[in-house]
Number of protein chains: 2
Amino acid sequence: MANTRWLDDDEMAAWTSFLEATHRVFREVEAQLRDEAGLSHPQYEVLIKLHGAGADGLRMTELATSLITSKSGLTYQVGQLEKRGLVTRGACPTDTRGVTARITPAGSEALRAAAPGHVERVRSVLIDLLDREQLTAVTDAMTSVNTRLREDG
Amino acid sequence: MANTRWLDDDEMAAWTSFLEATHRVFREVEAQLRDEAGLSHPQYEVLIKLHGAGADGLRMTELATSLITSKSGLTYQVGQLEKRGLVTRGACPTDTRGVTARITPAGSEALRAAAPGHVERVRSVLIDLLDREQLTAVTDAMTSVNTRLREDG
DNA sequence: ACAGGCGAGTTCGAATTTGAACAACGCCGT
DNA sequence: ACGGCGTTGTTCAAATTCGAACTCGCCTGT
């Protein structure tokens, strides 16, 4: 193996600032959702995806892939949401093995109730702290990362 | 309460790309550390901080604050590292209540062993995917976020 | 039609995380 | 010196997370 290409000052600054920011942002967002909406962030993300999917719902694997989470973790979270009546599980029409998750009216309502506080917190810990130039720069950089990482899976 | 200031397209793009990227990046980094170094990312972060602190070590609370983690979580992780001989806990000279954590030679060695693979993965999932301009833009934006969020803590 | 390989979801056990409660101590004003 | 309050670090129970193993159904080649 080749010698390690250590991070130079700029690279290290990028990594450490990224690390700190993500920890801070997620801590804040998770606290807000738990305290004000009674939802964990993973649960909120599930509801958002299912809401966007409409009446057809989504297969468990599609959901896990798009949320970048483990299959077992998703099974657990969907189970929790199902217990609370925010989500239903149904058979998949085209695949006997498949499970289709759908959001319920109660789930949509929970989302409607949670969204304002959530958005406000997202603003206060990230969006509103950046000017327009920084905002598009972040989007640009993160999109680059996502595009590359989607490829080799 | 005022009407919610919903996110416009650019703002939403920033948030969703940030969300996806952080999930992907952390998933990759954690997998690398677990598989190749037998360390969790939180543990690696503890070792890094203690390594940087030198022989004086760090108080538990200082450590928790700088890692942006909960006190109880840190107690657990330091306990794990202590079991494995990578860290020691000692009384704090200036405060009877205090506990000072220090990295051991074995801990430094574990860090030396883990670092190359870790850095390589950090490069491959983030640093090397950005050009110099994007790199500084990310640092700039994340530093803004950190500076603001450190204030009202 | 059938075997082998692959994919879908769940289950399982172990490890981890969190906030709240707790015991002990420092610090400040009186 | 002392009472009261904020801190420090740990403990606790409960919830969550992960990967590996597993079951069962799809699908391709022969």
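We name chains A, B, ... by the order of the sequence lines, and we start the count at 1 in each one. The shown structure was predicted, so the numbers you read here are calculated from the model rather than taken from an experiment.
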Chemist: Taking N or O atoms only and anything under 3.5 Å, show me the protein contacts with nucleotides 3-7 of chain C, one pair per line.
Modeler:
{"from": "C:dG7", "atom 1": "N2", "to": "A:Arg97", "atom 2": "NH1", "distance (Å)": "3.4"}
{"from": "C:dG7", "atom 1": "N3", "to": "A:Arg97", "atom 2": "NH1", "distance (Å)": "2.9"}

Chemist: Just how far, in rounded Å, is P of D:dT17 from NE2 of A:His41?
Modeler: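 The answer, rounded to whole Å, is 12 Å.
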Chemist: Distance check needed: D:dT7 P versus B:Glu62 CD, whole Å only.
Modeler: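 For the pair B:Glu62 CD and D:dT7 P, the rounded distance is 15 Å.
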Chemist: Between P on C:dA20 and OH on B:Tyr76, what's the gap in Å once rounded to a whole number?
Modeler: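 Roughly 21 Å, once rounded to whole Å.
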Chemist: Without decimals, in angstroms, what is the distance between A:Arg59 CZ and D:dC26 C1'?
Modeler: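 Result: 11 Å.
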Chemist: With a 3.5 Å distance limit and no angle check, can you tell me whether A:Asn146 reaches the backbone of A:Met142 through a side-chain donor-acceptor pair?
Modeler: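 Yes: the side chain of A:Asn146 pairs with the backbone of A:Met142.
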Chemist: Pick out the pairs of N or O atoms, protein on one side and nucleotides 18-21 of chain D on the other, that lie under 3.5 Å.
Modeler:
{"from": "D:dC18", "atom 1": "OP2", "to": "A:Ser70", "atom 2": "OG", "distance (Å)": "3.0"}
{"from": "D:dG19", "atom 1": "N7", "to": "A:Ser72", "atom 2": "OG", "distance (Å)": "3.1"}
{"from": "D:dG19", "atom 1": "O6", "to": "A:Ser72", "atom 2": "OG", "distance (Å)": "3.0"}

Chemist: Salt bridge between A:Arg59 and A:Asp95, side-chain N to carboxylate O under 4.0 Å?
Modeler: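 Salt bridge flag = yes for A:Asp95 with A:Arg59.
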Chemist: Between atom CE in B:Met60 and atom P in C:dA24, what is the gap in whole Å?
Modeler: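 Computing the B:Met60:CE to C:dA24:P distance gives 19 Å.
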Chemist: Please name all residues satisfying side-chain hydrogen bond (donor to acceptor under 3.5 Å, both in side chains) with B:Glu82, sequence neighbours left out, ordered by chain then number.
Modeler: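 Once residues adjacent in sequence are excluded, the partners of B:Glu82 under the side-chain hydrogen bond (donor to acceptor under 3.5 Å, both in side chains) criterion are B:Arg89.
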Chemist: Tell me which residues in residues 84-92 of chain A lie within less than 4.0 Å of DNA chain D, going by non-hydrogen atoms.
Modeler: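 Heavy-atom contacts with DNA chain D come from no residue of residues 84-92 of chain A; none.
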Chemist: Taking the inter-plane angle between the rings of A:His118 and B:Trp15 on a 0 to 90° scale, is it parallel (under 30°), tilted (30 to 60°) or perpendicular (over 60°)?
Modeler: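 It falls in the perpendicular class, over 60°.
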Chemist: Within this structure, what is the CZ-to-P distance between B:Phe26 and D:dT17, rounded to whole angstrom?
Modeler: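 Nearest whole value for this atom pair: 16 Å.
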Chemist: Could you check which of C:dT17, C:dC25, D:dT16 has an atom nearest any side-chain atom of A:Gln80?
Modeler: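 Output: D:dT16.
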Chemist: Could you give the CD-to-C1' distance, from A:Glu45 to D:dT17, as a whole number of Å?
Modeler: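 These atoms are roughly 14 Å apart.
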Chemist: Name all residues meeting the side-chain hydrogen bond (donor to acceptor under 3.5 Å, both in side chains) criterion together with A:Glu30; count only those two or more places apart in sequence or in a different chain, and write none if there are none.
Modeler: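 For A:Glu30 there are no side-chain hydrogen bond (donor to acceptor under 3.5 Å, both in side chains) partners, ignoring immediate neighbours.
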Chemist: So does B:Leu74 get a backbone contact from the side chain of B:Thr69, meaning a donor-acceptor N/O pair under 3.5 Å?
Modeler: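 Side chain of B:Thr69 to backbone of B:Leu74, a donor-acceptor pair under 3.5 Å: no, none is there.
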Chemist: Does this structure show an ion pair linking B:Glu45 with B:Lys49, if we count only N-O contacts that are shorter than 4.0 Å?
Modeler: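 Not counted as a salt bridge, because no side-chain N and carboxylate O are separated by less than 4.0 Å.
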Chemist: Under 4.0 Å: is that the gap between some side-chain N or O of B:Thr96 and OP1 or OP2 of C:dG26?
Modeler: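 Answer is yes, contact under 4.0 Å.
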Chemist: Side chain of A:Arg121, backbone of A:Val29: donor and acceptor closer than 3.5 Å?
Modeler: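 Between the backbone of A:Val29 and the side chain of A:Arg121 there is no qualifying donor-acceptor contact (under 3.5 Å).
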Chemist: Can you establish whether the number of heavy atoms outside B:Asp35 located under 6.0 Å from its atom CG is more than 12?
Modeler: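 Yes - once you tally the heavy atoms of other residues, nucleotides and ligands closer than 6.0 Å, there are more than 12.
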Chemist: With a 4.0 Å cut-off, would you call A:Asp8 and B:Arg132 a salt bridge?
Modeler: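 Yes, charged N to carboxylate O under 4.0 Å.
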Chemist: Is it true that A:Arg24 and A:Glu20 make a salt bridge, defined as a side-chain N closer than 4.0 Å to a carboxylate O?
Modeler: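 Counted as a salt bridge, because a side-chain N and a carboxylate O are separated by less than 4.0 Å.
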Chemist: Within the structure shown, what part of the strands sits under 4.0 Å from A:Thr75 by heavy-atom distance: base, sugar-phosphate, or nothing?
Modeler: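 Base, at least one base heavy atom under 4.0 Å.
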Chemist: Side chains of A:Glu120 and B:Thr4: donor-acceptor distance under 3.5 Å anywhere?
Modeler: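 No.
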Chemist: Let me know, please, whether A:Gly98 or B:Asp95 comes out on the 5' side of the other along DNA chain C by nearest nucleotide.
Modeler: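 The answer here is A:Gly98.
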Chemist: Taking five pairs at each end of the helix from C:dA1-D:dT30 to C:dT30-D:dA1, what angle separates the two helix axes (nearest 10°)?
Modeler: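 Rounded to the nearest 10 degrees, the bend comes out at 30°.
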Chemist: Around atom CD of B:Glu109, are there more than 12 heavy atoms from other residues, nucleotides or ligands closer than 6.0 Å?
Modeler: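 Yes, the 6.0 Å shell around CD holds more than 12 heavy atoms from other groups.
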Chemist: Report the C-alpha distance between B:Ile103 and B:Leu111 in whole Å, list the side-chain angles of each, state the deciding distance to 0.1 Å, and finish with yes or no for side-chain contact (heavy atoms from CB on, under 4.5 Å).
Modeler: CA-CA 10 Å; B:Ile103 195 169; B:Leu111 214 42; 4.1 Å; yes
Chemist: Which whole-number value in Å describes the distance from B:Gln77 CD to D:dG9 P?
Modeler: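 Distance, rounded to whole Å: 17 Å.
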